[in-house]
Amino acid sequence: MVTSTGALSIEETFLGPQALPPPPTRHALFAILIALAALVHFGTIGIGDLYSETEGQYAAAAREMMQSGQYLLPTNDSIPRLQKPPLLYWLIIASYKLFGIHAAATRVPIAFSVVATVAITFLIGERLADYWRGFAAGLIYLTLSGTFIFGRIVMPEPLFGALFAGAIYCGLAGFQQRHQRGAWFAGFWICAALACLTKGPHGLLFPAATFTALAIFYREARMRFRPLLWWPYLLLFLALIGPWYLWIEIHFDGPFHRIVADEWTKHLLGRYPNGNWYDDVPRWQFAASHLAWWFPWSLAILPALIFSWRRVMRPREISFQDALPMAWATVVLVPVLAIGQRQDYYALSMFSAFALWTAMIFERAPNSLRNLGATTVALAAIAIGFIAMALPRFLPKNESEWGETDLRWTAWKALADMPANAWLHFRPLLAIVAIGLLTGAIITVYLLCRGREKIAAVGLAFGMIAVGICMISGVARIAPFFSLADAARFLNSRLGTNGQVLFEGPPGVASSLGFYLERKFAMVNQEPDPRMPLTPEQRSLFLEEKAALEQWRAPRPVFLIIEENRVVYWRGLLMQHFHVYHQVASFGTYIILSNQL
């Protein structure tokens, strides 16, 4: 008698999940990776004050929303702030309710987002290849320089990146698993909706464009992704994002749609609503800086890309697994380079794709080129060590000072503006960075020589943990020049019951003051957004110089915060009107004046 078994269809075999349960090694690697990510990002959430601009805006708005009980309308210093959707505000509020109102609690949702992205990167790598690829990719993402820097900033991008990666994972899982496809594709739409509630419509556009690009080149992708367009998924998406947008459109007494349109015009064209053009990070600078944000892995894979391009990239047989990270990265990078305005962190949502691609390159490279890549990192470490020892000789002899705060909000401008004495504070950190990188490179070379290729990436990652802690410490050390936290602490103990604080500068620069100061403050020589319908009380927070001088006459403590370069002007103005000038403190580049002797 002849027996036969049923043939498996292409649907069931193409990129199907493993039939056997994963071994204990897989669970151990996943647990180690998550524990390391949690240790790095949750263990450092209390280091350093929140910066002004984005961090202060989100922290202060979340605190105001919680204290006022108005959870649907974000405000800064009582002024509506509708440039971004509310999901990150809500998560910060939840953290405040659980842990209290402080800087560490503000960073909890960001730390959770980075840890979640590490986990999702592992899971995507596991589905594309195996759990060793996933482990390497998660480790690479965790130890990128850009993850240490941008993965701590309180802003939508880390949360957006986690949700974007979640959408990619759900789409990939649905692609591979026929029987659970409906549930996974629903997960795709849920992640996309939450991403839209974090940053905007590109929460759907980016993952949809990624899978569309794959569908164009792969017939199987066209077949399997087609159910993603099922109309109930669209209803689910609208049910998640629609209520808040409808509420704002109905209850906000102003042109909400115009504010959103102006925000997108500003980013797409690089032009403010008033017609002023700008380009915060030029295209060439943005592209070149990613060699630093992807360090040390940008150096580790460089020899393989130069000397063994065909072996590691396989250009004539690019599979779906290889193409997914490349499509993901392209979908993010091309629009960011095309738009008129960009910031250093705009490509953070494709760092996972870079990590997956790098893990593939490092895995396929011959040992000789992997050793060469580790040696290149070691040479960079030696160069950094030399710079640390000889740093005083490289710095200009004439002492310089920090420039105006509002003009150094990109990485390049901040580094260019940093005076010599600030660089000298980084010498010990540079020495630790050099030792960490050199140690990591040596460990990687040793593991490769011992035939432990699967865990060779652990060496560089080990060295980068020390480097990342140094980066976090360095950012915290220069916080007084980017934050008004110290000034707010100084004023909180001196304002009494009726004291008044005035700040000369734009609202964004004052945002950290809004979080750390225990009362509202007024802004001098600033115009409110004409699109915002403000109450008389809110308009009273914007003062002209004449009104500020009237406040100065009041028989109560009044403090004025100004930039150092405005001291001469205000000294002359106050001496002219009151014949007295009283400077009480300085923090970073800010000076605090008082009407009380």
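Note that this is a predicted model, so its numbers are computed, not measured.
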| note | Closest heavy-atom pair, Gly459 versus Ile443, reported as atoms and distance to 0.1 Å, is CA-CG2, 3.6 Å

| task | Quick one: closest heavy-atom pair of Thr44 and Ile469, and the distance? | result | CG2-CD1, 4.0 Å

| side-chain hydrogen bond (donor to acceptor under 3.5 Å, both in side chains) assessment of Trp297 paired with Thr143 | CA-CA 9 Å; Trp297 301 100; Thr143 55; 3.1 Å; yes

For atom [atom1] of [X], decide whether the heavy atoms of other residues, nucleotides or ligands shown that lie under 6.0 angstrom number more than 12.
X	atom1	value
Trp247	CH2	yes
Tyr71	OH	yes
Phe112	CZ	no
Phe462	CZ	no

In Å and rounded to the nearest 0.5 Å, what is the [atom1] to [atom2] distance from [X] to [Y]?
X	Y	atom1	atom2	result
Ile455	Thr444	CD1	OG1	10.0 Å
Tyr446	Arg452	OH	CZ	9.0 Å
Ile301	Phe354	CD1	CZ	4.5 Å
Phe175	Phe225	CZ	CZ	5.5 Å
Ile92	Ile101	CD1	CD1	11.5 Å
Leu88	Ile93	CG	CD1	10.0 Å

Just wondering, do [Y] and [X] contact through their side chains at under 4.5 Å, heavy atoms?
X	Y	value
Val475	Phe148	no
Leu82	Leu73	yes
Arg311	Pro366	yes
Arg224	Arg181	yes
Arg81	Tyr89	yes
Arg316	Arg310	yes
Leu348	Phe160	no
Glu157	Gln343	no

| task | Any chance you could lay out the side chain to side chain contact (heavy atoms under 4.5 Å, CB included) test for Gln57 and Gln83, step after step, and finish with the verdict? | result | CA-CA 11 Å; Gln57 288 165 352; Gln83 287 86 346; over 6 Å; no

Aromatic rings [X] and [Y]: how do their planes relate, parallel, tilted or perpendicular, breaks at 30° and 60°?
X	Y	value
Tyr169	Trp184	perpendicular
Phe237	Trp189	perpendicular
Phe320	Tyr218	perpendicular

| request: Begin with the C-alpha distance, continue with both residues' side-chain angles, and end with the deciding distance and a verdict on side chain to side chain contact (heavy atoms under 4.5 Å, CB included) for Val281 and Tyr346. | output: CA-CA 10 Å; Val281 182; Tyr346 274 14; over 6 Å; no

| Hey, would you say the Phe188 and Phe211 ring centroids sit under 6.0 Å apart? | yes

| task | Verify side chain to side chain contact (heavy atoms under 4.5 Å, CB included) between Leu163 and Leu197, making sure each step is shown before the conclusion. | result | CA-CA 10 Å; Leu163 293 169; Leu197 281 175; over 6 Å; no

| message | Keeping His102 on the side-chain end and Ala105 on the backbone end, is there a donor-acceptor pair under 3.5 Å? | response | yes

| message | Between Thr117 and Ser352, do the side chains contain a donor N or O and an acceptor N or O under 3.5 Å apart? | response | no

| Can a donor-acceptor pair be found between the side chains of Gln177 and Arg127 at a distance below 3.5 Å? | yes

| field | Stepwise ring pair (Phe, Tyr, Trp, His ring centres under 6.0 Å) check, Phe351 with Trp293 | value | CA-CA 9 Å; Phe351 280 19; Trp293 304 142; 8.2 Å; no

| request: Please report the C-alpha distance between Ser368 and Asn371 in whole Å, then the side-chain angles of each, then the deciding distance to 0.1 Å, and finally whether the side chain to side chain contact (heavy atoms under 4.5 Å, CB included) criterion is met. | output: CA-CA 5 Å; Ser368 59; Asn371 278 315; 5.7 Å; no

